[in-house]
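For reference, the structure discussed in these notes is given below.
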Amino acid sequence: MKWIGLLAGVLIVLPCSGQASISGRVLGPDGLVQNVKVVVFNVGSHRKVKVIKTPTGEFGPVPLALGRYKVEVRKRCFKQYSEEVTLSEDKPLWLPIGLYKTCGPPSLFE
């Protein structure tokens, strides 16, 4: 029984793995890009950890464990965006994402 109490005490003292979050805004040439699909992959395991469909062009906060992640943004008629990020501190990460049009009528800024 002494070992169980000692083990429980050690487990309480051990630090918990850190958490952080990713948030962002997806912009195109004409402003916010609506109905965007944001996919977050864990680089170490190559697994999808989160898929977000954002009707407004903004996403997050997406809570994640500390580590390396690949963020992909997909939207028809826009070039796919991909970026690898490292969450190494217990704080949020803000991603301003710019997409380029690949089809459709020209925008005001092209």
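In what follows, residues are counted from 1 in the order of the sequence shown.
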What is the minimum heavy-atom distance between R68 and E84, and which atoms define it? NH2-OE2, 2.8 Å
Are K37 and V73 packed together at the side-chain level, in the sense that at least one heavy-atom pair is separated by less than 4.5 angstrom? no
Is there side-chain contact between E72 and F41, with at least one heavy-atom pair below 4.5 Å? yes
Is the backbone of P63 close enough, under 3.5 Å, to the side chain of K50 for a donor and an acceptor to pair up by distance? no
Side chains of P61 and S23: does their closest heavy-atom pair fall under 4.5 Å? yes
Any link between L27 and I97 through a network of hydrophobic side chains (Ile, Leu, Val, Met, Phe, Trp, Tyr) touching at under 4.5 Å? no
Report yes if some heavy atom in the side chain of V51 is under 4.5 Å from a heavy atom in the side chain of V38; otherwise report no. no
Just wondering, do K79 and L99 contact through their side chains at under 4.5 Å, heavy atoms? no
Contact between S82 and K70 at the side-chain level, heavy atoms closer than 4.5 Å - yes or no? yes
From the list V36, V33, N35, side chain to side chain contact (heavy atoms under 4.5 Å, CB included) partner of T54 resolves to V36
Tell me whether Y69 shares a hydrophobic cluster with L66, the cluster being built from Ile, Leu, Val, Met, Phe, Trp, Tyr side chains joined at under 4.5 Å. yes
Scan L64, V43, L93, V40 and name whichever one has a side chain to side chain contact (heavy atoms under 4.5 Å, CB included) with V85. L93
Going from NZ on K75 to NZ on K53, what distance comes out if it is rounded to the nearest 0.5 angstrom? 11.5 Å
To the nearest 0.5 angstrom, please state how far the OG1 atom of T102 sits from the CD atom of Q80. 11.0 Å
Would you find a donor on one side and an acceptor on the other, under 3.5 Å apart, between the side chain of D90 and the backbone of Q19? yes
Partners of E58 by side chain to side chain contact (heavy atoms under 4.5 Å, CB included), sequence neighbours excluded? R25, L32, T56
Of the non-hydrogen atoms in V62 and F59, which two are nearest, and what is the gap between them? CG2-CD1, 4.4 Å
Just to verify, what does E89 make a side chain to side chain contact (heavy atoms under 4.5 Å, CB included) with, not counting sequence neighbours? K91
Between F78 and P29, is there a side-chain heavy-atom distance shorter than 4.5 Å? yes
